[in-house]
Structure formats: structure tokens, C-alpha cells
Protein chains: 2
Amino acid sequence: MQNSFTEENYLKIIHALSGRDGGEVSTNALAESTATRAASVTDMLRKLAEKGLINYKKYQGVTLTEQGEKVAIKVIRKHRLWEVFLVEKLGFGWDEVHDIAEELEHIPSEVLVEKLDTFLGHPKFDPHGDPIPDAKGNLTEPDYKVLTDVQIGEKVRMMGVLDHAPSFLQHLDRSGIKLGSIIQVKEINEYDKSASVQIDGGESLFISLEVSKNLLVQRR
Amino acid sequence: MQNSFTEENYLKIIHALSGRDGGEVSTNALAESTATRAASVTDMLRKLAEKGLINYKKYQGVTLTEQGEKVAIKVIRKHRLWEVFLVEKLGFGWDEVHDIAEELEHIPSEVLVEKLDTFLGHPKFDPHGDPIPDAKGNLTEPDYKVLTDVQIGEKVRMMGVLDHAPSFLQHLDRSGIKLGSIIQVKEINEYDKSASVQIDGGESLFISLEVSKNLLVQRR
DNA sequence: TAAAAAATTTAGACTAGGCTAAATTTTTTT
DNA sequence: AAAAAAATTTAGCCTAGTCTAAATTTTTTA
Ligand SMILES: [Mn+2]
Ligand SMILES: [Mn+2]
Ligand SMILES: [Mn+2]
Ligand SMILES: [Mn+2]
């Protein structure tokens with residue numbers, strides 16, 4: 001049978017929280033991410049386990065089954081493809097598309113997704129630098145590093161963000177930092193770990209530790 | 001407050017059933033169109049009346065209030081714009097898009113609709129020839145006539161369909177009849193009212209009364 | 001114009017998802 | 001190794017939307 005919006009959201013969130021290692025996700029973590037109460041999460045977990053989408057033993061946390069993983073990845077694929085559409089075709093800013101994609105990701109129809117993918121030219125990454133799973137369900141997370149791990153003097157390329165909040169993305173816009181930007185770390189302040197960086201060889205600017213922690217970059 | 005998917009569907013269906021004259025719609029008609037039972041319709045009508053979206057007095061049938069009409073027209077606008085997108089941009093056939101648009105029409109976000117409209121070049125009609133309401137909520141139904149009302153010898157242009165069923169649309173595809181086709185009525189059989197017509201000056205074909213009744217055309 | 005038929009509403013119940021408060025289990029501290 | 005704290009589950013309840021069966025109102029028919 002079909003999965004509901006709510007079930008799909010749970011699966012997607014379990015996928016995100018269990019990380020690349022596929023570790024157990026706690027009831028409380030899910031309650032936080034779904035903005036519901038722990039008791040409600042427990043109910044849903046029973047149902048998802050019933051449907052064979054998660055492995056769940058009371059008090060032990062949950063992981064996705066193979067089947068649950070497949071569903072989660074399909075939702076993620078749709079979410080990211082729609083984000084590309086919204087930015088590339090409709091002209092939305094990267095800070096505006098998350099909530100809309102959160103709805104569009106639940107529109108059923110395999111053929112719709114594949115036609116959309118073709119229309120967009122089979123993009124590999126979404127507007128935030130996140131990888132788009134392919135039609136077969138393969139999702140490979142590139143191993144970028146965080147800007148805080150970059151040495152002084154090093155030049156790296158901006159590849160993505162950890163924080164997807166509109167306020168953070170807008171802050172990057174105002175700082176002139178975007179996907180593909182070349183960032184050279186000039187100096188790091190001992191006191192607050194803020195950094196002085198140069199973007200695309202332009203003028204220097206200061207960025208806080210909070211910002212550095214949320215920038216994914218790649219050595220070139 | 002926001003209206004639910006279900007509420008939006010009811011409003012849209014009430015709009016369709018009350019026709020250009022805005023007449024009362026019966027509980028049973030709604031039950032049929034929503035594929036629910038009359039008792040369920042009654043419950044929903046109480047709720048919609050409560051929200052000021054319909055005029056409802058027990059046993060009297062319903063009409064849309066001005067506010068309800070506005071909501072219905074917004075949903076119709078979204079439905080038809082998404083259908084244009086699916087056909088023009090993604091390459092779906094006109095027989096394949098209705099169910100998908102039935103879901104997409106409920107995605108909220110005014111700005112999404114307006115950007116989509118711009119992206120599509122402000123289309124005036126959807127793939128079935130139905131008029132698309134403008135951003136202000138103006139919806140003007142062109143007054144086409146049905147092919148059964150066309151005299152022998154007359155040449156008309158195919159402008160739309162009354163039946164939107166995939167099977168009917170596919171039948172038209174196989175017959176080579178599409179929006180914009182020039183149809184000349186050659187002969188009408190007394191017995192079953194089937195007609196012999198010529199499409200775009202090509203070879204003649206027979207169409208049944210059932211087909212003629214569902215073709216909207218315009219004198220040229 | 002009264003009886004029969006049809007349409008509609010009311011009553012009572014169910015499922016999905018959610019909540020609060022209380023009970024239970026696990027984990028952390030002493 | 002208890003006791004205390006934190007996490008999780010259970011119990012009981014709520015709303016939206018749906019259903020069936022019964023009651024009521026309107027419409028049709030005789
Ligand atoms: Mn979602
Ligand atoms: Mn994204
Ligand atoms: Mn719909
Ligand atoms: Mn249409």
C-alpha cells in the first residue's frame with residue numbers, strides 16, 4: 001500500500017538522523033525533528049515497524065529496513081529534484097525552496113519524477129550542494145570537510161551547507177559565498193575561532209565559527 | 001486559517017457542479033463527485049458553512065459564498081497551470097495529467113503559482129481547452145458550442161472537451177482530433193446520430209453521438 | 001392531499017495522527 | 001548497588017474525515 005505524507009516524513013527524518021553509519025535513532029530525537037511529542041512518535045514507530053519499514057524494539061531506538069531506506073531515498077530524490085526545479089526554472093532563491101519542496105516531495109508518480117529529472121538534465125546536486133539519488137536509489141554522500149578543518153592559507157571550494165535555514169543561506173548571500181566559491185582562509189582568531197577569509201580572490205571578510213562549522217568545502 | 005486538501009476539493013467540485021449560473025448543489029451530487037457517502041458530505045458542509053465558504057441551509061443544497069468562490073478559483077488556477085506544465089514542459093500526454101494535477105493543485109504558496117505562471121508564459125487555456133483564471137481570480141468561460149449543435153457542412157474549430165476521462169482523450173488521439181483541429185461535419189446518420197466528419201481537411205471518419213456530445217467547438 | 005419514495009440529516013462508530021499524564025524501563029549518579 | 005534522573009511507552013482522550021443504520025424532511029405519485 002501507499003505511504004502517507006506523515007510516514008514519508010518520518011522515514012526521511014530517520015534516514016537523516018541515522019547518518020552515514022545507519023545507527024539507531026532515538027524516540028526523543030524523532031520527536032524533536034518532527035515537532036511532535038515522544039508519545040506520538042512511539043505510536044508511529046509501531047506502525048512503521050508493522051509495515052516493515054523500520055527495525056524497532058521497544059526502548060532500543062530504530063533503524064530503517066532495506067525497504068524503508070528505499071522509500072526514504074525516493075522521497076529525498078523528489079525533494080532535491082523539485083528544489084532544483086524551483087531554483088533553476090522558476091527563479092526562487094536557495095533560501096526559499098525548502099518548505100515548498102517539503103510538500104512537493106510527497107506527490108506520488110514515478111513517471112513524474114523521471115520526467116522531471118530528464119527535464120532538469122539529470123542534475124547530480126541540489127541547490128544546497130546535497131547529492132541527488134539516482135533513479136535506482138543510489139545515494140553517495142561526497143566526503144566534504146567542514147571549513148573549521150581547513151588550515152590557514154589553504155584554498156578550498158565551497159560545496160554545500162550543513163545548516164539549511166533560510167537565515168543562514170541569506171547570510172551567505174550577503175557575504176558573497178555561494179556554491180563553487182573559492183575560499184582561502186587567511187587568519188583564525190584564537191579567542192573566538194572566527195576567521196578571516198578571502199572569497200573568489202576578492203576582499204577579505206570575517207566569518208564566525210558558527211558560519212565556518214556549517215560550510216562544506218573540498219580541497220582543490 | 002488554511003483549508004485542507006479535502007476542503008479544497010469540495011469547494012472545487014461545488015464550483016463545477018453549480019455551473020455558470022451558480023445554482024444550488026445537492027448533497028447527493030456531491031457524494032457522487034467526491035466518492036463519499038451523503039452522510040459524510042453533510043458533515044463537511046456543516047464545516048464549510050461554519051468557515052463561511054458556502055451558503056448552506058439543511059435540506060436546501062449549497063452554493064459558494066464569495067470567499068468560497070475565491071478559494072475554488074485559486075485551486076482551479078493551480079490545477080490548470082500545473083497541467084500546462086506537465087504537458088508543455090515535461091511531455092506528458094493530455095490524458096495523463098489530471099490525477100497528478102489533482103495533487104499538485106493543493107500545494108500552497110501564492111508565489112509558487114505566480115512564478116509557475118510566468119515560467120509558462122501566462123497561458124490562457126489548459127491542455128484540455130479549459131480557461132485558466134488570472135491571478136486576480138477572474139475566470140471567464142468562453143461560450144463554445146457542442147459538436148452536436150453544428151449543422152451539416154459547417155466547419156468549426158475544436159476548442160475543448162466536456163469529458164476529461166483518459167479513455168475519451170485517448171480515443172480522440174487515435175482519431176486525430178486535437179485542440180485547434182478544423183472539423184467539418186459531412187453527414188449525420190438519422191438512426192444513431194453518429195456523424196461523418198473531416199478533420200483538418202484529411203480523410204473522413206465516423207464519430208459516435210457520445211463523442212460529438214463531448215466536443216466543444218467554435219464557429220470560425 | 002395522503003401515502004410512498006427519495007433525499008438528507010443524525011447517531012454512533014472507526015482510523016490516522018496527535019496530545020497529556022501516568023507508568024515503566026534504561027541510564028547515570030551517588 | 002541503590003537511588004535518582006532521563007528516556008520511553010502506555011492509557012485515555014481529541015479532531016478530521018469517513019462509514020452504516022436509523023430518523024427525519026422533502027418531493028413525487030397515486
Ligand atoms: Mn515533507
Ligand atoms: Mn536541499
Ligand atoms: Mn485535488
Ligand atoms: Mn484540464
Side-chain angles (χ1 to χ4, degrees), chain A residues 1-15 17-19 23-64 68 71-72 75 99 102-103 105-108, chain B residues 1-14 17-19 23-64 68 71-72 75 102-103 105-108:
Chain A
M1 83 224 59
Q2 273 281 101
N3 303 301
S4 70
F5 276 38
T6 309
E7 290 168 339
E8 290 189 345
N9 282 334
Y10 268 85
L11 294 174
K12 199 179 57 152
I13 291 170
I14 293 169
H15 177 92
L17 294 179
S18 73
E24 278 83 23
V25 177
S26 75
T27 298
N28 268 355
L30 281 169
E32 161 115 44
S33 289
T34 56
T36 63
R37 297 319 186 99
S40 309
V41 172
T42 299
D43 283 346
M44 181 58 75
L45 294 185
R46 256 198 314 96
K47 184 159 58 129
L48 292 173
E50 194 64 43
K51 294 179 82 170
L53 296 166
I54 61 173
N55 304 115
Y56 171 55
K57 275 192 306 245
K58 285 200 301 189
Y59 295 100
Q60 307 308 173
V62 293
T63 57
L64 293 175
V71 175
V75 177
D99 291 352
E102 201 58 46
E103 308 288 323
E105 72 187 359
H106 304 293
I107 303 287
Chain B
M1 84 225 57
Q2 273 281 102
N3 304 300
S4 69
F5 276 37
T6 308
E7 289 168 340
E8 290 189 346
N9 283 335
Y10 268 85
L11 295 173
K12 198 178 57 151
I13 290 170
I14 293 168
L17 293 179
S18 75
E24 277 84 22
V25 177
S26 75
T27 300
N28 268 355
L30 282 169
E32 160 115 44
S33 289
T34 56
T36 62
R37 298 318 186 100
S40 311
V41 171
T42 300
D43 284 346
M44 181 57 75
L45 294 184
R46 258 199 311 96
K47 186 163 53 134
L48 292 173
E50 195 63 45
K51 294 178 85 170
L53 296 166
I54 61 174
N55 305 115
Y56 172 55
K57 275 193 307 253
K58 286 200 299 188
Y59 296 100
Q60 305 307 171
V62 293
T63 57
L64 292 175
V71 175
V75 177
E102 201 58 45
E103 307 288 322
E105 71 188 358
H106 305 293
I107 302 288

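Treat the numbers as computed from the prediction; the structure is a model and nothing was measured. The chains referred to below are lettered A, B, ... by the order of the sequence lines, with proteins before strands, and numbering in each begins at 1.
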For B/Arg46, give me all partners under salt bridge (Lys or Arg N to Asp or Glu O under 4.0 Å), at least two apart in sequence or on another chain. B/Asp43

Salt bridge (Lys or Arg N to Asp or Glu O under 4.0 Å) involving B/Glu105 - partner list, sequence neighbours excluded: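 Only B/Lys12 meet the salt bridge (Lys or Arg N to Asp or Glu O under 4.0 Å) criterion with B/Glu105.
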
Distances under 3.5 Å only, N/O to N/O: pair up the protein atoms with those of nucleotides 5-8 of chain D.
residue	atom	partner	partner atom	Å
D/dT8	OP2	A/Asn28	N	2.9
D/dT8	OP2	A/Asn28	ND2	3.4

Once rounded to the nearest 0.5 Å, what's the spacing between atom CE of B/Met44 and atom CG of B/Leu11? 9.0 Å

My understanding is that only residues two or more places apart in sequence, or in another chain, count here; which of them pass ring-ring contact (aromatic ring centres under 6.0 Å, His included) with A/His106? A/Phe5

How close or far is atom [atom2] of [N] from atom [atom1] of [X], stated in whole angstroms?
X       : N      : atom1 : atom2 : result
A/Glu32 : C/dG18 : CD    : C1'   : 18 Å
B/Glu50 : D/dT15 : CD    : P     : 14 Å
B/Met44 : D/dC19 : CE    : P     : 11 Å
A/Leu45 : D/dT10 : CG    : C1'   : 14 Å
A/Asp43 : C/dA16 : CG    : P     : 11 Å
B/Arg46 : C/dT10 : CZ    : P     : 7 Å
A/Glu8  : C/dA16 : CD    : C1'   : 15 Å
B/Gln2  : D/dA16 : CD    : C1'   : 16 Å

Contact under 4.0 Å: B/Thr36 side-chain N or O vs D/dT18 OP1/OP2: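 No.
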
Anything under 3.5 Å between a donor and an acceptor, one on a side chain of residues 53-64 of chain B, the other on a protein residue two or more places apart or in another chain? List them.
residue	atom	partner	partner atom	Å
B/Asn55	OD1	B/Thr63	OG1	3.1

Among residues at least two apart in sequence or on other chains, which ones pass side chain to side chain contact (heavy atoms under 4.5 Å, CB included) with A/Thr36? A/Tyr10, A/Thr34, A/Ser40, A/Val41

